[in-house]
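A quick note: this is a predicted structure, and the numbers were derived from the prediction, not measured.
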Amino acid sequence: MLILLVTMSIYSGNAVASPTSQVVKDRSYYEERGDIVWEVPTQKKTIAFTFDDGPDRKQTPKILEVLDQYQAKATFFVVGERVERFPEIVKLVLSKGHEVGNHSFYHPSFQNISKEKAVNEIGKTQQAILKATGHTAVLFRPPGGSYDQNIINVSKQNNLQLILWSWHQDTKDWRAPGVQRIANKVLKNVRNGDIILMHDYVYNSSQTSEALKIILPELKKQGYSFVTVSQLLSQKDNPNTHIKVTQ
């Protein structure tokens with residue numbers, strides 16, 4: 001099925017389309033090709049927590065402490081200019097066995113972003129992560145979950161897999177809706193292979209780390225384990241079913 005739109009933004013968990021003359025395919029097209037990942041089909045009781053918008057000097061270490069307590073690994077999608085400000089926090093994330101992904105440099109809206117700006121945002125963040133840690137990121141998440149073919153192409157050109165999140169696992173913790181509401185969103189909707197969206201930088205809020213103190217022990221009791229996105233991708237059922245696309 002073809003849908004006429006330039007950009008799809010799913011920050012609220014629902015696709016938002018803006019009509020133009022450019023043709024962009026629907027989710028199933030990109031998912032089948034492996035261009036974009038929303039979640040991972042797996043029989044294993046594994047899920048991936050992801051944290052956007054950091055690093056943050058206060059909130060990121062608090063989250064790391066809770067993750068350590070429950071032997072949980074996670075993926076942190078970092079903002080390049082914050083990496084330059086807090087390189088020691090990014091190093092700490094990696095030293096604890098977590099994963100770092102690219103989340104743009106200044107966190108602009110990627111809805112209808114020009115190719116040139118996307119190239120700059122992604123490339124500068126790759127450089128910032130490499131300079132701070134010696135590590136090259138292999139995952140990219142566009143701000144707001146907005147994507148189009150240009151963004152997909154730029155991701156591939158930087159050897160980055162584009163990662164979004166399970167639509168039923170957008171905690172909206174960036175709104176600081178309350179600790180229990182964040183926890184309930186995860187616990188009431190959890191499925192094998194989920195990619196859960198959270199944030200390790202929310203202005204003047206520690207609700208995310210407090211919610212994790214409720215979520216992690218309960219899910220561990222249910223038999224779930226918590227892995228990085230790359231680890232989750234390696235556990236995909238029938239991993240050869242996606243078409244490998246090269247430029």
Side-chain angles (χ1 to χ4, degrees), residues 1 8 10-11 13-15 24-52 67 70-78 93-94 96-103 122 126 129 135-142 145-149 151-171 185-198 212 215-216 218-247:
M1 179 175 70
M8 295 188 70
I10 57 171
Y11 202 86
N14 297 306
V24 178
K25 286 78 174 177
D26 64 2
R27 167 174 168 169
S28 63
Y29 174 84
Y30 293 115
E31 205 160 33
E32 287 169 6
R33 287 162 61 94
D35 286 349
I36 304 174
V37 175
W38 282 264
E39 56 223 358
V40 175
T42 178
Q43 297 300 310
K44 297 182 179 179
K45 296 193 76 169
T46 50
I47 54 180
F49 283 88
T50 64
F51 301 91
D52 290 7
L67 293 172
Y70 295 99
Q71 298 79 51
K73 301 304 177 189
T75 300
F76 291 76
F77 287 96
V78 297
V93 169
L94 287 169
K96 290 182 174 293
H98 304 291
E99 184 169 36
V100 169
N102 185 320
H103 194 45
I122 293 171
Q126 286 296 89
I129 294 169
H135 168 80
T136 300
V138 297
L139 306 176
F140 169 64
R141 174 176 284 164
S146 298
Y147 64 87
D148 61 17
Q149 192 60 52
I151 295 168
I152 292 168
N153 291 343
V154 173
S155 298
K156 289 180 185 178
Q157 288 158 9
N158 282 273
N159 298 310
L160 293 163
Q161 172 66 62
L162 202 156
I163 304 293
L164 294 180
W165 57 85
S166 304
W167 285 352
H168 55 281
Q169 289 290 12
D170 180 356
T171 64
K185 181 66 175 180
V186 177
L187 295 175
K188 291 181 178 181
N189 296 287
V190 67
R191 307 172 191 168
N192 294 359
D194 277 352
I195 297 176
I196 297 169
L197 175 61
M198 305 183 92
L212 284 171
I215 296 165
L216 292 176
E218 177 57 33
L219 291 183
K220 196 165 186 182
K221 211 182 297 181
Q222 295 178 28
Y224 284 96
S225 58
F226 318 112
V227 298
T228 67
V229 168
S230 289
Q231 289 169 336
L232 188 64
L233 289 170
S234 73
Q235 296 176 5
K236 178 178 176 288
D237 291 342
N238 301 318
N240 295 321
T241 57
H242 277 181
I243 301 167
K244 299 300 179 185
V245 180
T246 56
Q247 290 297 312

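- Contact of the Leu164 side chain with the Pro142 side chain is registered, since non-hydrogen atoms from C-beta on lie closer than 4.5 Å.
- Atom CZ of Phe226 is separated from atom NZ of Lys220 by 7.0 Å, given to the nearest 0.5 angstrom.
- When each of Asn153, Asn102, Val138, Ile122 is tested with Asn158 by the rule side chain to side chain contact (heavy atoms under 4.5 Å, CB included), just one qualifies, namely Ile122.
- Side chain of Thr46 to backbone of Ser225: no donor-acceptor contact under 3.5 angstrom is found.
- Atom CG of residue Leu139 and atom CZ of residue Phe77 lie 5.0 Å apart, to the nearest 0.5 angstrom.
- At least one side-chain heavy atom of Met198 sits less than 4.5 Å from a side-chain heavy atom of Ile215.
- We find the OG1-CG distance between Thr228 and Leu232 to be 8.0 Å, quoted to the nearest 0.5 Å.
- Leu212 places a side-chain heavy atom less than 4.5 Å from the side chain of Phe49.
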Derivation and outcome, side chain to side chain contact (heavy atoms under 4.5 Å, CB included), residues Trp165 and Asp194: CA-CA 8 Å; Trp165 57 85; Asp194 277 352; over 6 Å; no
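- Using a 4.5 Å heavy-atom threshold, the side chains of Phe140 and Ile163 count as separate.
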Could you go through Tyr70 and Leu219, starting from their C-alpha distance and side-chain angles, then the distance that decides it, and tell me whether this counts as side chain to side chain contact (heavy atoms under 4.5 Å, CB included)? CA-CA 10 Å; Tyr70 295 99; Leu219 291 183; over 6 Å; no
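- A pairwise comparison of heavy atoms in Gly193 and Ile47 identifies N-CG2, 4.2 Å as the closest pair.
- A salt bridge is absent between Asp170 and Lys185; no separation between the charged side-chain nitrogens and carboxylate oxygens falls under 4.0 Å.
- Taken to the nearest 0.5 Å, the CD atom of Gln126 stands 4.5 Å off from the CG atom of Leu160.
- For the atom pair CD1 (Ile195) and CH2 (Trp38), the distance works out to 10.5 Å, reported to the nearest 0.5 Å.
- The side-chain hydrogen bond (donor to acceptor under 3.5 Å, both in side chains) search around Thr136 returns none, not counting sequence neighbours.
- With Thr75 contributing its side chain and Val229 its backbone, the two residues share a donor-acceptor pair below 3.5 Å.
- Side-chain atoms of Lys73 come within 3.5 Å of backbone N or O of Lys96 as a donor-acceptor pair.
- Within the 4.5 Å cutoff, the side chain of Asp35 has heavy atoms near those of the Lys156 side chain.
- Checking side-chain atoms of Glu99 against main-chain N and O of Ala74 turns up no donor-acceptor pair under 3.5 Å.
- When side chains are defined from C-beta on, Gln169 counts as touching Val190, because their heavy atoms get closer than 4.5 Å.
- Summarising the geometry, atom CG belonging to Leu216 is positioned 12.5 Å from atom NZ belonging to Lys221; distances are rounded to the nearest 0.5 Å.
- Phe76 pairs by the ring pair (Phe, Tyr, Trp, His ring centres under 6.0 Å) definition with Phe51, His98, not counting sequence neighbours.
- Residues Thr42 and Gln235 bring no donor and acceptor atom of their side chains to less than 3.5 Å of each other.
- When every heavy atom of Ser155 is checked against every heavy atom of Leu162, the shortest pair comes out as OG-CD1, 3.8 Å.
- Side chains of Thr50 and Arg141: a donor on one and an acceptor on the other come within 3.5 Å.
- Asn192 has its side chain within reach of Lys45: a pair of non-hydrogen atoms, C-beta onward, lies under 4.5 Å apart.
- Shown are Arg33, Arg27, Glu31; of these, the side chain to side chain donor-acceptor pair (under 3.5 Å) with Tyr29 is made only by Arg33.
- Counted within 6.0 Å of CD on Gln43, heavy atoms from surrounding residues, nucleotides or ligands total 12 or fewer; the atom is thus considered open.
- Closest of all the heavy-atom pairs between Gly101 and Ala137 is CA-CB, 4.2 Å.
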